[in-house]
Amino acid sequence: MQFRLPRGTQDILPEDQPHWRHVISTAQEMARRFAYGRIDTPVFEQAALFERGVGEGTDIVEKETYTFSDRSNEMMTLRAEGTAPVCRAYLEHGMSSLPQPVRMHYFCPIFRYERPQAGRFRQHNQFGVEAIGDADPSVDAEVIDLGWRFTEALGLKGLSLVINSIGDPECRPKYLETLKAAYQPHLDKVCPDCRMRFERNPLRMLDCKRTDFACQEYIASAPQMSDHLCEGCADHFSKLQGYLTALEIPFRVDSRLVRGLDYYTRTVFEIQPPEEGAQSTVLGGGRYDGLIEQLGGKPTPGVGFGSGIERLVLNVKRQEAALADNADNVVDAVVVSLGEEAAPVAAKLASQLRNGGLKAVLTQPGRSLRGQMRHATAMGARFTLVIGDTEVAAGTAQLKNMDTGDQQEVTLVDVAAVIAKG
RNA sequence: GUGAGCGUGGCCUAGCGGUAAGGCGCCUGUCUGUGGCACAGGAGACCGAGGGUUCGAAUCCCUUCGCUCACCCCA
């Protein structure tokens, strides 16, 4: 085969569409209930938006963006994540003059140059929400609530919500120093990855899974962010937990939960499905109170999440949670013709049925009647219409109900009405 | 970027040194104007690509490309 799809991309075939529709329409309904209006941003943005927004030292920016210079030598990047573009739009369209917070949701493809594996692609689709302009923990709770109800409504079982607070510019740097001080004397005993993290992203050391070094031992005894939150962050986090409890959303606090984007502050959270597997997080997000300022706006808080539609579809399929939706595999009427004269009449009839809103298909004229009937069955026909010389002369068609096998002669003008009845 | 496994018609699978087989699907016929079942038949593969070993390779060896899974990271 000469052409293949690019690595890490996929075709979503007609047979997969019912699952996608299920996920997307559920997401749309949740966004509606929570009053999160839709926003669409371009597929590519100025490269600097992601560099500044996501953070230049992050893996995403450092080695995963699809960046290119266009014909006027401007550096552009295919959307690498959903939040920065929405914040850009918030600033660009003066949304700070709207009632705060501004609530928005989006569906969009995301591009990251990664090695593909189960649940990880170079192009994937996200449903995401952002609430910008309000720092109150009730908004964090609202966003989490939306995400939780969404995944729940998909029919997924055994989900778990993990939350954490990673502090703010006041307390996190101090905590990181404390953490590094605790690791410093033992750097020779932890894994090479952790030694790297020590320099670049110390929080990640707490998330190490390796057991062939002493990492786990030091994780267990490491100082916890939760013990080092400043007063404001601690209060915010405890209020958030109060809201979640009131909303009857089960959650677990995990001090090892960290996110890879630089802009997160205070609240971070993830929703995990029960199945094992490396790339399992189905929805993740948090608060980003410094981002808008970072992008050149005045200090504006925000909170949101992104969810991977491919991963959700994967889980829906695994759990067979989608309702039986075989509407795609059913055709209202298949029109069959016999003889050269009948062919255009049959084509006209099919066209007429479609104009009346029915799903109609014309079989290949010239095939044997048997062959065309077989084809009608394979297409999932509810009704088959047969037109031969006799019918052309009479202005009628033989209408056959494919379930019952009943057949009757119907005039061409009545066909649509008879089919519509049943 | 690192590591492991796998690449046979549209899909799934057999063959593991002697010149490609079966199932599903598709098409045709048994049934000269009637489907779903059954039966018969047909089309469709240079066995991912390149090189090597051999009288002979889908089968063994090397290289390469691709896919998959895991690490890293993330949705």
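Letters go in sequence order (proteins before strands), and every chain restarts at 1.
- Within the nucleic acid shown, A:E114 comes within 4.0 Å of at least one base atom, counting heavy atoms only.
- Within the 4.0 angstrom heavy-atom criterion, only backbone atoms of the sugar-phosphate kind lie near A:L283; the bases stay farther away.
- For B:rG56, there is no paired base (Watson-Crick or G-U wobble, both distances below 3.5 Å).
- Using a 4.0 Å heavy-atom criterion, one finds that A:F127 contacts no nucleic acid atom at all.
- Using the Watson-Crick or G-U wobble rule with both distances under 3.5 Å, B:rU68 pairs with B:rA4.
- The partner of B:rU32, taking Watson-Crick or G-U wobble pairs whose two distances both stay under 3.5 Å, does not exist in any strand shown.
- Along RNA chain B, the nucleotide closest to A:S307 and the one closest to A:C208 are compared, and the more 5′ of them pairs with A:C208.
- Taking the P atoms as reference points, B:rA58 lies 14 Å from B:rG52, given to the whole Å.
- In a base pair of the Watson-Crick type (N1 to N3 plus N6-O4 or O6-N4) or a G-U wobble (N1-O2 and O6-N3), with each distance short of 3.5 Å, B:rC24 is matched with B:rG10.
- Between B:rG23 and B:rG48, the two C1' atoms lie 23 Å apart (nearest whole Å).
- The separation between A:F269 atom CZ and B:rA75 atom P is 11 Å, rounded to whole Å.
- If you check the side chains of A:Q407 and A:N401, you find no donor sitting under 3.5 Å from an acceptor.
- Taking atom P on both B:rC16 and B:rA21, the two are 14 Å apart, rounded to the nearest angstrom.
- We find that CZ of A:F121 is positioned 15 Å from C1' of B:rC73, with the value rounded to whole Å.
- Counting any heavy atom pair closer than 4.0 Å across all strands shown, A:S368 reaches sugar-phosphate atoms only and no base atom.
- The partner of B:rA49 is B:rU63, by the rule that a Watson-Crick or G-U pair needs both atom distances under 3.5 Å.
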Apply salt bridge (charged side-chain N to carboxylate O under 4.0 Å, His left out) to residues A:K400 and A:D406 and explain how you reach the verdict.
CA-CA 6 Å; A:K400 180 164 190 170; A:D406 295 342; over 6 Å; no
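- Within the 4.0 Å cut-off from OP1 or OP2 of B:rC72, at least one side-chain nitrogen or oxygen of A:R197 is found.
- RNA chain B lies under 4.0 Å from no heavy atom of any residue of residues 36-48 of chain A.
- Residue A:R367 places at least one side-chain N or O under 4.0 Å from the OP1 or OP2 atom of B:rU28.
- In this structure, a donor-acceptor pair under 3.5 Å is present between the side chains of A:H124 and A:Q126.
- When the C1' atom is compared between B:rG25 and B:rA43, the two are found 13 Å apart, to the nearest whole Å.
- Ring geometry, A:F127 versus A:F150: the interplanar angle exceeds 60°, so the pair is classed perpendicular (tilted spans 30 to 60°).
- Note that A:R103 lies outside the cation-pi zone of A:F34, set by a 6.0 Å cut-off to the ring centre and a 45° limit from the axis.
- Residue-to-nucleotide contacts include a donor-acceptor pair under 3.5 Å from the side chain of A:R120 to the base of B:rC72.
- OP1 or OP2 of B:rA70 has at least one side-chain nitrogen or oxygen of A:Q117 nearer than 4.0 Å.
- For the pair A:R115 and B:rU2, the criterion of a side-chain N or O lying under 4.0 Å from OP1 or OP2 is not met.
- Residue order along RNA chain B, read from the 5' end via each residue's closest nucleotide, puts A:T390 first among A:T390 and A:D59.
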Test side chain to side chain donor-acceptor pair (under 3.5 Å) applied to A:Y263 and A:E81, step by step
CA-CA 12 Å; A:Y263 55 59; A:E81 65 89 49; 2.4 Å; yes
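- Rounded to the nearest Å, the gap between the C1' atom of B:rU28 and that of B:rC46 is 27 Å.
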Could you write nucleotides 34-40 of chain B as a row of B, S and -, 5' to 3', where a protein heavy atom under 4.0 Å of any base atom gives B, of only sugar-phosphate atoms gives S, and otherwise -?
BBB-B--
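- For the pair A:L154 CG and B:rA75 C1', the computed distance is 14 Å after rounding to whole Å.
- When the P atom is used for both B:rC61 and B:rG17, the distance is 12 Å, rounded to whole Å.
- For the residue pair A:T281 and A:E270, a side-chain donor N or O sits within less than 3.5 Å of a side-chain acceptor on the partner.
- More than 12 heavy-atom neighbours from other residues, nucleotides or ligands sit within 6.0 angstrom of CZ on A:F251.
- Straight-line distance between the P atoms of B:rC47 and B:rG10: roughly 13 Å, to the nearest whole Å.
- The separation between A:Q372 atom CD and B:rU28 atom P is 9 Å, rounded to whole Å.
- The minimum heavy-atom distance between A:Q224 and A:H228, with the atom names listed, is O-CD2, 2.9 Å.
- With A:D332 as the partner, the salt bridge (Lys or Arg N to Asp or Glu O under 4.0 Å) test is satisfied by one option alone out of A:K359, A:K421, A:R382: A:R382.
- When heavy atoms are screened at a 4.0 angstrom cut-off, A:R112 is found touching base atoms of the nucleic acid.
- Nucleotide B:rC65 holds its P atom 13 Å from the CZ atom of A:R4, rounded to whole Å.
- Between B:rC69 and B:rU54, the distance separating the two C1' atoms is 36 Å to the nearest Å.
- Among the heavy atoms of the strands, none lies under 4.0 Å from A:R122.
- A centroid separation of 6.0 Å or more is found between the aromatic rings of A:Y36 and A:H105.
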Worked verdict on A:R88 versus A:E45 for salt bridge (charged side-chain N to carboxylate O under 4.0 Å, His left out)
CA-CA 10 Å; A:R88 193 223 78 227; A:E45 296 267 2; 2.5 Å; yes
